[in-house]
Protein chains: 2
Amino acid sequence: MKPTLQTVADAVGVSRSTVSNAYSRPDQLSPALREKIHEAARRLGYPGPDPTARSLRRGRVGAIGVLFTSALSYAFTDPYAVQFLRGIAETAERHGSGLLLVPLSESEEEAGIQAVRNAAVDGFCVYCVPAWHGALDVTRSRGLPTVAAERPAEVGPETMYVGIDEVAAARTVGGHLARLGHRRVAVVSDFLVAQRRTGPVSVADPAEIRYDVTRERLRGFAEGLAEGGVGWSDLLLCNAGTNSRAEGARAAEYALDRVDRPTAVLAVTDLLALGVLDALAARGLRPGRDVSVTGFDDIPEATAAGLTTIRQPAVEKGAIAGRLLLEPPEDPAARQVLLPTDLVVRASTGPVERK
Amino acid sequence: MKPTLQTVADAVGVSRSTVSNAYSRPDQLSPALREKIHEAARRLGYPGPDPTARSLRRGRVGAIGVLFTSALSYAFTDPYAVQFLRGIAETAERHGSGLLLVPLSESEEEAGIQAVRNAAVDGFCVYCVPAWHGALDVTRSRGLPTVAAERPAEVGPETMYVGIDEVAAARTVGGHLARLGHRRVAVVSDFLVAQRRTGPVSVADPAEIRYDVTRERLRGFAEGLAEGGVGWSDLLLCNAGTNSRAEGARAAEYALDRVDRPTAVLAVTDLLALGVLDALAARGLRPGRDVSVTGFDDIPEATAAGLTTIRQPAVEKGAIAGRLLLEPPEDPAARQVLLPTDLVVRASTGPVERK
DNA sequence: TAGCCCTTCTGGATCGATACAGTACGCCGG
DNA sequence: CCGGCGTACTGTATCGATCCAGAAGGGCTA
């Protein structure tokens with residue numbers, strides 16, 4: 001049998017409570033006895049209070065849960081996600097909390113929901129989970145503090161989030177390209193439609209896009225491009241099955257292989273944009289000359305690739321998310337954070353070539 | 001008051017056990033009653049059985065803990081670590097388990113030890129934690145299944161690990177350089193000495209190096225280089241404060257700025273090697289021509305950088321570690337896994353230039 | 001020496017669920 | 001009409017700790 005508090009208590013000849021105090025409130029007993037207890041614990045191989053039992057009684061776990069849409073394993077393939085995680089991790093670490101990564105595979109929604117039900121945590125951070133995912137209802141009903149990693153569509157006074165002004169940021173991208181003279185424009189994005197298919201899709205109105213971030217960014221793209229007289233219906237929309245480099249390349253093919261090839265391809269994330277660049281390279285097209293390409297997020301790789309993109313402070317975003325959970329500010333207004341963004345112009349965008 | 005099983009039971013007019021069964025063993029009650037219970041739960045806002053209480057009673061948590069030496073936040077900066085994590089994550093996900101990242105800051109060992117004590121998990125994966133770290137004693141005393149991400153110095157019949165033959169792999173690196181004619185050789189590595197300082201250090205014998213992986217790799221380097229008559233004492237050892245690109249560059253400076261500049265720099269990880277390349281670039285030195293550089297791990301960036309390195313299957317390593325924890329093989333021999341490695345020769349190594 | 005406080009330790013209640021043995025009841029064959 | 005069996009549900013013990021009101025004992029003041 002594994003030793004418990006009681007085992008140690010019996011060995012020393014004190015009560016269970018006293019042993020408990022030896023661990024959790026060392027000031028409540030004499031140093032001599034405390035030492036005697038620790039010594040006995042060592043001898044018996046007692047590893048200290050059982051975390052599960054302790055959590056049950058205390059009502060605090062010492063871990064925060066991070067929900068990812070995509071299969072947990074994807075989380076680590078997107079550098080932007082990794083940076084965000086790093087930010088949360090730093091904060092959690094300072095608080096002595098762990099980070100519980102909760103898998104939310106999309107194919108089996110029920111499994112993800114179960115995972116959220118079973119997650120022993122003190123709060124949730126919701127990262128890139130579409131608003132309609134059932135797991136969100138569970139986080140809500142569990143009544144734990146929850147922070148979203150982007151501004152949700154509906155914001156109540158209790159809602160906590162840390163995000164950016166997606167529309168405004170995307171608008172600067174659109175405007176930048178409009179001013180460069182781009183009129184034939186394609187957009188590469190995931191979540192344009194409900195299905196996970198790769199290829200051109202038609203969407204009558206951005207409002208039809210269900211995934212918040214995608215919708216806002218596309219809206220912003222369109223608003224910016226309107227400066228050059230490009231309307232929503234002029235956009236060539238290419239859906240990517242997932243947010244990955246390979247899918248970015250595949251989705252871009254449908255645009256690049258047209259006879260009326262677009263002069264610019266706007267990707268909704270850097271990862272997709274890198275894929276678009278791959279597709280260009282495979283066709284011998286020069287980014288910024290033959291076709292302009294933009295991304296979103298400014299991941300480290302974007303610098304090397306010379307990608308024009310929107311910079312947002314990913315690590316800081318994570319850190320703030322962690323802080324909102326672990327030391328929630330009194331002031332409700334401070335629980336809703338919008339971070340600044342910048343358009344970073346690099347070589348992947350340039351003026352339309354005159355023919 | 002938050003609703004519990006009892007609340008729901010009272011509302012429906014059945015016993016607590018029955019409600020519990022409705023969630024955990026749906027086959028134990030009639031469909032009609034089950035639906036009635038779920039309906040009542042929904043009405044009352046009962047989110048399902050409390051994970052903590054359930055874990056206590058069941059004795060199973062549904063999460064595995066991953067221990068990192070370096071501050072949790074570093075974990076995400078090393079692509080190799082990220083890949084390993086991805087491998088574990090995939091396995092965990094399939095088992096419906098979460099992944100609890102446990103911070104082990106090195107500056108405050110006690111904090112890390114507490115974190116391990118408090119971690120509510122079913123098993124531990126120990127990743128790059130030096131053998132002398134106090135947290136390892138705690139994992140042992142907790143009596144949970146534990147798998148190491150490298151072969152430990154002492155292997156008992158119960159020990160589980162998934163690693164590579166570090167010495168043999170490093171030997172191929174040393175041999176490769178020896179055959180290219182390199183005789184003046186520097187090594188860039190973290191953990192060469194106990195202190196976290198950056199710069200040249202002297203170590204009389206590899207056996208003095210406390211950190212297992214570092215010791216084995218250096219031993220291997222030396223064995224391989226011996227083929228060219230290079231002895232241990234001929235090696236110029238440069239310690240890096242951490243396993244990071246920046247420290248790799250800083251440590252390399254001490255070697256590169258000498259009058260008798262080494263013709264080859266062996267780094268103990270790819271991340272450090274990339275830093276060495278940075279240092280070369282800053283001095284206008286050509287990798288593979290003026291100075292040969294090698295890494296270890298074959299992270300994705302190594303390909304682009306043209307780095308000669310040792311490939312080891314990082315994702316698979318993680319996946320196996322996860323499998324050892326979640327579905328431990330009957331056969332004890334199968335609990336100790338050594339994966340194959342390859343020397344990948346790229347442009348960063350070349351023959352010594354004749355003067 | 002009585003009265004009081006303070007420190008140190010105790011015991012029982014409690015956190016919220018699950019395990020398991022047991023009860024009630026309906027149905028079947030003989 | 002009875003024993004036997006399977007299904008549907010109940011009740012109590014239990015997981016391993018923490019909380020909190022209170023007891024014991026020692027020292028200090030009046």
Side-chain angles (χ1 to χ4, degrees), chain A residues 1-38 40-41 44-62 114 117-122 141-144, chain B residues 1-38 40-41 44-62 114 117-122 141-144:
Chain A
M1 250 285 284
K2 288 201 49 174
T4 70
L5 268 191
Q6 189 66 244
T7 321
V8 179
D10 293 347
V12 181
V14 295
S15 83
R16 202 165 62 243
S17 309
T18 304
V19 180
S20 170
N21 284 334
Y23 284 95
S24 308
R25 315 163 138 197
D27 57 314
Q28 294 294 302
L29 63 162
S30 65
L33 181 55
R34 198 193 322 150
E35 187 37 49
K36 204 165 137 197
I37 289 175
H38 280 125
L44 295 168
Y46 176 68
D50 179 277
T52 312
R54 159 182 288 215
S55 303
L56 174 59
R57 186 63 250 233
R58 296 228 265 214
R60 209 197 90 98
V61 177
Q114 278 308 327
R117 279 221 178 81
N118 291 331
V121 295
D122 299 318
S141 70
R142 286 199 50 186
L144 296 172
Chain B
M1 252 286 282
K2 287 200 52 174
T4 72
L5 268 192
Q6 189 70 74
T7 321
V8 179
D10 294 347
V12 181
V14 294
S15 84
R16 203 165 57 243
S17 310
T18 302
V19 180
S20 170
N21 284 334
Y23 285 95
S24 309
R25 317 163 136 196
D27 56 314
Q28 294 293 303
L29 49 130
S30 64
L33 182 54
R34 195 190 327 148
E35 186 37 51
K36 204 167 139 197
I37 289 176
H38 280 123
L44 295 168
Y46 176 69
D50 179 276
T52 313
R54 158 183 290 212
S55 303
L56 174 59
R57 185 62 247 235
R58 295 227 265 213
R60 209 196 91 98
V61 177
Q114 278 307 330
R117 279 221 178 82
N118 291 331
V121 296
D122 299 319
S141 69
R142 285 198 53 184
L144 296 172

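When reading the values below, keep in mind they use all heavy atoms of this one structure, side chains included, and skip hydrogens, waters and symmetry mates. Lettering of chains follows the sequences in order, A, B, ..., and the numbering in each one begins at 1.
- Taking the side chain of A:Arg54 as heavy atoms from C-beta on, and the options C:dT18, C:dG16, D:dT18, the nearest nucleotide is D:dT18.
- As a whole-Å value, the separation of B:Lys36 NZ from D:dA8 P is 15 Å.
- Residue B:Lys2 contributes atom NZ, which lies 9 Å from atom P of C:dG16 at whole-angstrom precision.
- For A:Arg57 against C:dT14, a side-chain-to-base donor-acceptor contact under 3.5 Å is present.
- Across all non-hydrogen atoms, the minimal contact from A:Pro3 to A:Gly45 is CG-O, 3.7 Å.
- Counting to the nearest Å, the C1' atom of C:dT14 and the CZ atom of A:Arg58 are 15 Å from each other.
- Taking atom CG on B:Asp50 and atom P on C:dT14, their separation rounds to 18 Å, with Å as the unit.
- Residue contacts for B:Arg60: at a heavy-atom cut-off of 4.0 Å it reaches no nucleic acid atom on any strand shown.
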For this session: Let me have a per-nucleotide readout for nucleotides 6-11 of chain C, 5' to 3', with B, S or -, counting only protein heavy atoms under 4.0 Å.
Result: ---SBB
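- Closest approach of A:Leu144 to A:Asp122, counting heavy atoms only: CD2-O, 4.0 Å.
- For A:Tyr46, a side-chain nitrogen or oxygen approaches OP1 or OP2 of D:dA17 to under 4.0 Å.
- The heavy-atom pair separating B:Pro51 from A:Asn118 by the smallest distance is CB-O, 3.2 Å.
- Backbone-only contact: B:Arg25 has heavy atoms under 4.0 Å from sugar-phosphate atoms and none from a base.
- Atom-to-atom, CG of B:Leu5 to P of D:dG11 comes out at 15 Å; the value is rounded to the nearest Å.
- Listed by chain and residue number, A:Leu29, A:Arg34, A:Ile37 satisfy the side chain to side chain contact (heavy atoms under 4.5 Å, CB included) test with A:Ala22 (two or more places apart in sequence, or in another chain).
- Between the OH atom of B:Tyr23 and the P atom of D:dC9 there is a distance of 16 Å, rounded to whole Å.
- In plain terms, the two heavy atoms of B:Ala120 and B:Val61 that are nearest each other are O-CG1, 3.3 Å.
- At a threshold of 4.0 angstrom between heavy atoms, the contacts of A:Thr52 with the nucleic acid are absent.
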For this session: Decide side chain to side chain contact (heavy atoms under 4.5 Å, CB included) for B:Val19 and B:Val12; before the verdict, give the C-alpha distance in whole Å, the side-chain angles of both, and the deciding distance to 0.1 Å.
Result: CA-CA 9 Å; B:Val19 180; B:Val12 181; 5.7 Å; no
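- When every heavy atom of B:Arg117 is checked against every heavy atom of B:Arg142, the shortest pair comes out as O-NH1, 3.2 Å.
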